[in-house]
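Any value given below was found using the heavy atoms of this structure, including those in side chains, with hydrogens, waters and symmetry copies removed. Numbering starts at 1 and runs along the sequence shown.
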Amino acid sequence: MSSKGALSRAEMVRTRLRKQPKKRPVLTSANTSRTLPPIISRSEMTYVVQQKTTPPSTKRRFQAAFSIPGFQMRLPAISLPRVEGKSRLLSFFLSTLLGAALFLAFTLPEFQVTRAQVHGNQRISADDINSVLSSTGQPIFAIMPSDLETRLRLNYPELVSAKVTLGLPNILIVNIVERQPVILWKQGGGYTWIDSSGVAFRPRGSADNLIPVAAVASPPVGLTSGNDPLSPLPYLSTDMVKAIQILAPSVPAGTTMVYDPRYGLGWLEPRGWQVSFGSNAKDMVLKLQVYQSLVTSLTQQGIIPTFISVQYANAPYYRMSQ
């Protein structure tokens, strides 16, 4: 048994520890860089991984994550290059290139029309066509064929059609179809040509086998041009033109066919009378037969009339001098 003055073993140990200096734990790089142990929770296990830092990238990164309890997945990052600067540079380059092309197309002499090539003209000269077109020196890209076609048709009523085509670098081709005159219409000291559709137009040069008609007055108005808005209004109806063509072979030599609005078409017979057949082509052949029969009958009777009317084939008549 130990006495009160003697220290117990436990007290001696505590006394020794008090006298020793206290040492603080030293943190080293090994301790700081050590990965942390996994943290376990009741619901799920999460691993915290220390990632290495990377320098900032100029590329945009897209990440997609799916959140499922107890499961975590990362998809590979998709990187898209930044093209904003490149697209703007490309747009500027294309705009400059297009502007330069347009400038050259409208200024280079290789693309400027010099003279139109005219085809199909018989009486209208190529110079007259080019003077109306006024396309010399214009860029081929600034020419509208439809405008030139309308201009030609309005300036030359004797054109049935006009077709303008363009070709590179400066080719302008004009194909026209002219009206063919069939009647030489004389009225009021002047004359004009009339085609088979009844359209009157200015004579150019000469034409063969025209049927001369001397008009006392103008024919009735109110005719329409049909479906062609650029065609001028007919001066004669197609029915009257056909009637003139039927009567022409029966006109006596040296005599001119006459048109009178009251009696229609006819002529002054060299034997001393005037004959009228009306203005309609219907039954015109029958009217001529009736006229020949009536003249034969009057001649046999020794009758010389002053006027014979066959406007109606079933009701011809004649007048004697007073």
Using the benzene-type ring in the case of Trp, are the ring centres of Tyr318 and Phe307 under 6.0 Å apart? no
Any donor-acceptor pair under 3.5 Å linking the side chain of [X] with the backbone of [Y]?
X      : Y      : answer
Tyr156 : Asp128 : yes
Asp195 : Val199 : yes
Asn170 : Gln112 : yes
Ser91  : Ser87  : yes
Glu178 : Ile124 : yes
Lys287 : Phe277 : yes
Thr306 : Arg319 : yes
Ser293 : Gln289 : yes
Asp260 : Val216 : no

Whether the [X] and [Y] side chains hold a donor-acceptor pair (N or O, under 3.5 Å, no angle test) is what I'd like checked.
X      : Y      : result
Asp127 : Ser125 : no
Ser196 : Gln180 : no
Thr296 : Gln300 : no

Side chain to side chain contact (heavy atoms under 4.5 Å, CB included) between Ile244 and Met257, intermediate numbers included: CA-CA 8 Å; Ile244 293 173; Met257 190 182 304; 4.0 Å; yes
Trp185 vs Tyr235 aromatic rings, parallel, tilted or perpendicular, using cut-offs 30° and 60°?
-> perpendicular
What closest approach, in Å, do [X] and [Y] show between heavy atoms, and which atom pair accounts for it?
X      : Y      : answer
Ser225 : Pro232 : CB-O, 3.9 Å
Pro157 : Arg179 : O-NE, 2.8 Å
Arg202 : Thr192 : N-OG1, 4.5 Å
Ile246 : Met284 : CG2-CG, 3.7 Å
Ile143 : Gln138 : CG1-OE1, 3.9 Å
Pro145 : Val164 : CB-O, 3.4 Å

Does any part of the side chain of Pro305, heavy atoms only, come nearer than 4.5 Å to the side chain of Leu298, both counted from C-beta? yes
| task | Run the salt-bridge test on Lys282 and Asp239 with the 4.0 Å N-O cut-off and return the result as yes or no. | result | no
Is the closest basic N to carboxylate O distance between Arg123 and Glu158 below 4.0 Å?
no
Residue pairs passing the ring-ring contact (aromatic ring centres under 6.0 Å, His included) test with at least one member in residues 188-215, sequence neighbours excluded, are none
From the list Leu152, Asn155, Asn121, side-chain contact (heavy atoms from CB on, under 4.5 Å) partner of Ile129 resolves to Leu152
Please say whether more than 12 non-hydrogen atoms of neighbouring residues, nucleotides or ligands are located less than 6.0 Å from OH in Tyr317. yes
| task | Using a cut-off of 6.0 Å, state whether more than 12 heavy atoms not belonging to Ile304 lie near its atom CD1. | result | no
Given side chain to side chain donor-acceptor pair (under 3.5 Å), test Arg151 with Ser135 step by step and report yes or no.
CA-CA 12 Å; Arg151 190 183 306 173; Ser135 57; over 6 Å; no
| query | Given the rule in the side chain to side chain contact (heavy atoms under 4.5 Å, CB included) test, do Trp273 and Val295 qualify, once you have shown the distances and angles that lead to the verdict? | reply | CA-CA 11 Å; Trp273 61 80; Val295 170; 3.9 Å; yes
